[in-house]
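Working notes, structure below.
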2 protein chains.
Amino acid sequence: MVTSTVENYLKHVLLLSEEADDLVSMGALAAALAVVPGTATTMVKALADGGLVEHQPRHGVRLTDEGRSVALNVLRKHRLVETFLVNVLKMDWAKVHQEAERLEHAVSDEVLDRLDALLGHPGTDPHGDPIPSRQGKLRSQVYATLATCATERRFRIVRVTDQSPEFLQFAEQNGLQPGTSLRVTERNLAAGLLTLRKPAGRPIALSLAAAGKILVEPEK
Amino acid sequence: MVTSTVENYLKHVLLLSEEADDLVSMGALAAALAVVPGTATTMVKALADGGLVEHQPRHGVRLTDEGRSVALNVLRKHRLVETFLVNVLKMDWAKVHQEAERLEHAVSDEVLDRLDALLGHPGTDPHGDPIPSRQGKLRSQVYATLATCATERRFRIVRVTDQSPEFLQFAEQNGLQPGTSLRVTERNLAAGLLTLRKPAGRPIALSLAAAGKILVEPEK
DNA sequence: AAAGGTATTTTGAATAGTCAAAATAAATGT
DNA sequence: ACATTTATTTTGACTATTCAAAATACCTTT
Ligand SMILES: [Mn+2]
Ligand SMILES: [Mn+2]
Ligand SMILES: [Mn+2]
Ligand SMILES: [Mn+2]
């Protein structure tokens, strides 16, 4: 049976397999789900029994086609719900991840379709995370980050990859959200620090670690 | 811990205690929750341990103040969610009960408040069921039904008490929804049948059992 | 190749919720 | 009052999910 626990496991395998090339390690999966490693092993074996993942003992997990399709559907629900909460209910973008974490398991496919239409079929959620299509296509483009992009050139923020309320709140306060255009004026590798400017406004200082979580693309 | 199972038990004790004077029987509770009676007994003892209900063995259950407040909050979520699904997402009023049955456990108090505001603080849901206030007041007025009201006088439908998709679909097809005004033209107790007319349109025949599920109030 | 360290798996036990079926209590009919 | 029916409770067992802790496998480093 596809319980919400199963949905969470599959979703996190999907998310982790975008970083980790191919196989997702038990340790990473357990950490993402906030369970002890043994629990992850047990569940993964059960999922493998159910044909939702492929388990290579001692190496890691991979989604099967069926598991991937379930995971994409959950991710689509998660991100559309976040978009609804921000765009329609005007909720703080730092709080919506937590809400969506529960709602993604309670929203039916029909409600999902209607939300999608109400929102105008958005391609990304408020954080810039791509929303899988109904058919299960997930656009996963590779972007530069503020930590790696050229200096003195103009870029636009396309995505903020860090769900933590603290980081999102900080980003919001400094206007660092998808759509914002800016340029990096200075980057000090030794100090692990960089400075950026928006067209108007005072310079903002950022650690390289933080900058690496902000994806950008060059402005035309 | 207040799991969604606990929420469901409490909500159903609340709903059943509106009919059954005071104590709710195990049989009725078990039936409402679609579990075997023994399961209800076990859960009710656990709820009593947790201070959420008072259990009088062999007689029935009653909510404590704490249990009642949890139940009212869940009911408020249920009915506001139904209202959202119908008014905003334009979903079929026959389907929303099922949806709300899951969503009521996933919606946070903050989302609830925002939904409430978005909807304009409605007093009833699409079926005419009263929505508990944020402070936990539940208006439970006594109405006449189409089975008991006077004939040849004009009434307005205020509530349809039957969540089953079949009945709701039937009611919708015949325009028997809250707000509709009509009069009973004929009532045949022996045959268990009655006929009613809306201002415009052909007469509608209804069983007394069905008519008893439609609550009305006299039009001014 | 042996020793350590790290990641993973196994094992045993716990919790929440459920059912089947047996036991018991209460209500009803004669 | 006694037997029957009905409602409730008890008992034992099962599933899903989790943790703690022990066992094992796989790497690194010497
Ligand atoms: Mn989740
Ligand atoms: Mn997001
Ligand atoms: Mn429910
Ligand atoms: Mn309703």
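Residue numbering restarts at 1 for every chain, and letters A, B, ... go by the order of the sequence lines.
Between the side chains of Y143(B) and Q141(B), at least one donor N or O lies within less than 3.5 Å of an accepting N or O. For the residue pair H97(B) and H78(B), a side-chain donor N or O sits within less than 3.5 Å of a side-chain acceptor on the partner. A donor-acceptor pair shorter than 3.5 Å cannot be found between the side chains of E54(B) and T64(B). Side-chain atoms of H105(B) and N8(B) include a donor-acceptor pair closer than 3.5 Å.
In this structure, K45(B) atom NZ and dT10(D) atom P are separated by 4 Å, rounded to whole Å. Taking atom CE of M43(B) as the reference point, atom P of dA16(C) lies 10 Å away to the nearest angstrom. Atom CG of L29(A) is separated from atom P of dT18(D) by 11 Å (rounded to the nearest Å). Rounded to a whole Å, the CD atom of Q56(A) is 13 Å from the P atom of dC26(D). Taking atom CG of residue L52(A) and atom C1' of nucleotide dA16(D), one finds them 15 Å apart after rounding to whole Å. Put simply, NE2 on H55(A) is 13 Å from C1' on dA25(D), counting in whole angstrom units. Between the CG atom of L47(A) and the P atom of dT18(D) there is a distance of 11 Å, rounded to whole Å. Distance CE (M1(A)) to C1' (dT18(C)): 11 Å, rounded to an integer number of Å.
At the heavy-atom level, T5(A) lies under 4.0 Å from the strands shown only through sugar-phosphate atoms. T41(A) comes within 4.0 angstrom of a base, heavy atoms only. G27(A) comes within 4.0 angstrom of sugar-phosphate atoms only, judged by non-hydrogen atoms across all strands, and of no base. Within the nucleic acid shown, H59(B) has no heavy atom closer than 4.0 Å to any nucleic acid atom.
Neither OP1 nor OP2 of dT18(D) sits under 4.0 Å from any side-chain N or O of T42(A). Note on T39(A): every side-chain N or O is 4.0 Å or more away from OP1 and OP2 of dT17(D).
In the displayed structure, D65(A) atom CG is contacted under 6.0 Å by at most 12 heavy atoms of other residues, nucleotides or ligands.
The side chain of R58(B) lies closest to dA25(C) when the candidates are dT8(C), dA25(C), dT17(D). Considering only the side chain of S25(B), dT8(D) comes nearest among dT9(C), dT18(C), dT8(D). Here dT8(D) is the nucleotide among dC19(C), dA16(C), dT8(D) with the atom lying nearest to any side-chain atom of M26(B).
Along DNA chain D, the nucleotide nearest A28(B) and the nucleotide nearest Y9(A) are compared for position; the residue whose nucleotide lies closer to the 5' end is A28(B).
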